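Comments concern the structure below.
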Amino acid sequence: MAQIVKAIRGTRDLLPPETALWNRVERTAREVFARYNFGEIRTPVLEATELFARGVGEETDIVSKEMYTWEDRARAASEKPQSLTLRPENTAGVVRAYIEHKLGDTGQLQKLYYIGPQFRRERPQKGRYRQFFQIGAEVIGPATSGSESPLRDAEILEMLATLLDELGIPRASAANEYKGWRLHLNSVGSSTDRPRYVAALREALLPVKDRMCPDNQRRAETNPLRVLDSKDEADQEIINGLPKIADYLDEASTAHFTAVRAALDACEVPYTVNPRLVRGLDYYTRTTFEFTVDLGLGTQNALLGGGRYDGLSEMLGGPKAPGIGFAIGEDRLILTLQALAESAAAASGEVPTEPKVDAYIAPLSPAQDAAALALARTLRSKGLSIEVGDGTFRLKKSFDAADRVARSIVILGEDEVASQTATVKTFSTGDQSKVAFSDLATTLRS
RNA sequence: GCGGCUAUAGUUCAGGGGUUAGAACGCGGGUCUGUGGCACCCGAUGUCGAGGGUUCAAAUCCCUCUAGCCGCCCCA
């Protein structure tokens, strides 16, 4: 017995009508990004493994255990085998393209956005897939282009707040029981601040780590920053006594962070400074942030994350090119919007209806099939959305089908074709009338 | 990667060793020849996730696998 082939674990098919929501989200994102003068970049799904090892960090979970990596065999004696990886994130690829195309030599600030699939081999869960989609943007350029300015950080964050507003995701407030988005903000310091802080953290952890939970003991060794956002109740007291990153920022970093916050205040973007917010990728410096939302995502409540990566270009062998960017988990954004729509429907008691086409053309017998298709062609060319039935259907069945997908039914029998006049019935009003083919588009549009 | 829960019709779910597996919605048809939605009637839903085992007998109990979900880990 033949087994059917199924989508592999952690991947999924997106079908109508859900894809309409994906399209709306992407359209809104493109419109908002365009208003902020971002242009689209599309980088390959496949990159050299080395890009992520150097950019994201050899020791991160993403690189050390979650990448889809394989050796691409040599096809000719002149070729060398190469280790390839399905991109687990898109920032490294964008910076690679920035370096490769010498975009820095233009002297201009580059504002780029992307929308596309990313791949990580994690255990799938709601809001966490092995192929998932990110909508992201990067602002990068030589320091003389203003890429390092706190203004850029604030602009990115204000743009994100605008995007979420326009998508209809509310801001968390007491009024909505904090069921909305929240911006968590922190500065993890410059590329010199951070190592000093990590060293201090390691030292402070040494005498106390034996009293912490096993997870934190492990983190204290491998990635001390992660101890900070531990959820373990018993360890909170110890964590509160650990050195604070704010005390290890140099003057420039402190001033930078202060300026970011002042600009956010001026733009009325609400945020919470969370000194424990750390990011899992090695390239982050200074401003880091995360938007969370308590809606439909369960434990995977991080909707998007990002931050500054002033040293990434150099890590990848490029020129100095400070930058800042973010990635939105599009799958999680969709889940949030669906949860929102569901609770709105529950509150109003209304059943959400799927969008309908303008008209359904019902030929009464196969003799009218060709005329029906020709009429559909004319109406479609005038911009109307049309579904066409089949002459083998009984009229009752046509009505049933039409009511499901269309706002009006256009009945086409022998008389109608002969007189070039259709019988039109509008479902919402129940009105029925005879309309000349030449006036049909106008009638259906009203 | 670790721990747990779950898998039955297109969908949501009931059935928890006994011979022919159910409901609702949805679907097809009829009452109803070119006027639907309501109503009534009829019908099909299906290898009970896959494979193996126990048993006279397995959807039901056991094992393995696969997948989804929940919690960790991590992250978007």
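Hydrogens, waters and symmetry mates are skipped; everything else that's a heavy atom, side chains included, is used. Every chain is numbered from 1 and lettered A, B, ... according to where its sequence line falls, protein lines coming before strand lines. Owing to the predicted nature of the structure, the values given are computational and were not obtained by experimental measurement.
- Atom pair A/Gln125:CD and B/A67:P shows a separation of 15 Å (rounding to whole Å applied).
- Cation-pi geometry between A/Arg12 and A/Tyr129 is met: under 6.0 angstrom from the ring centre, within 45 degrees of the axis.
- Side-chain nitrogen and oxygen atoms of A/Arg9 include none within less than 4.0 Å of the OP1 or OP2 phosphate oxygen of B/U66.
- With C1' as the reference atom, B/C56 and B/C72 are 47 Å apart, rounded to whole Å.
- Identified under the ring-ring contact (aromatic ring centres under 6.0 Å, His included) test for residues 7-40 of chain A, with sequence neighbours left out: A/Trp22-A/Phe133, A/Phe33-A/Tyr113.
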Parsed dot-bracket for RNA chain B after applying the Watson-Crick and G-U rules with both distances under 3.5 Å and | for other-strand partners is (((((((..((((....[...)))).(((((.......))))).....(((((..]....))))))))))))....
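- Both the sub-6.0 Å distance and the 45° axial angle are satisfied by A/Lys397 relative to the ring of A/Phe393.
- For the C1' atoms, the distance linking B/G49 with B/A9 amounts to 14 Å, nearest Å.
- We find that CZ of A/Arg120 is positioned 9 Å from C1' of B/C74, with the value rounded to whole Å.
- Across all strands shown, A/Arg123 has heavy atoms under 4.0 Å from base atoms, whether or not it also approaches the sugar-phosphate.
- Residue contacts shown for A/Gly127 include a base, since a base heavy atom lies under 4.0 Å away.
- Nucleotides B/U66 and B/G29 have their C1' atoms positioned 39 Å apart, rounded to a whole Å.
- Among the heavy atoms of the strands lying under 4.0 Å from A/Tyr129 is at least one base atom, whether or not backbone atoms are also near.
- Look at A/Arg121 and you'll find a side-chain N or O under 4.0 angstrom from OP1 or OP2 of B/G1.
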Inset, instruction - Check step by step if side chain to side chain donor-acceptor pair (under 3.5 Å) holds for A/Ser187 and A/His256. - result: CA-CA 9 Å; A/Ser187 175; A/His256 191 275; over 6 Å; no
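- A/Leu303 comes within 4.0 angstrom of sugar-phosphate atoms only, judged by non-hydrogen atoms across all strands, and of no base.
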For nucleotides 33-41 of chain B, 5' to 3', base contacts (B), sugar-phosphate-only contacts (S) and non-contacts (-) with protein non-hydrogen atoms under 4.0 Å give -BBB-----
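- Taking 90° from 0 as the syn/anti boundary, the base of B/G29 is oriented anti.
- Comparing the same atom, P, in B/G28 and in B/C38 gives a spacing of 13 Å after rounding to whole Å.
- Of the C1' atoms belonging to B/G18 and B/A57, the separation is 7 Å, rounded to the nearest Å.
- For the C1' atom pair drawn from B/U11 and B/G26, the interatomic distance equals 7 Å after rounding to whole Å.
- Taking the P atom of each, B/U31 and B/C25 are spaced 22 Å apart, rounded to whole Å.
- One P atom belongs to B/U12, the other to B/C74, and the distance between them is 33 Å to the nearest Å.
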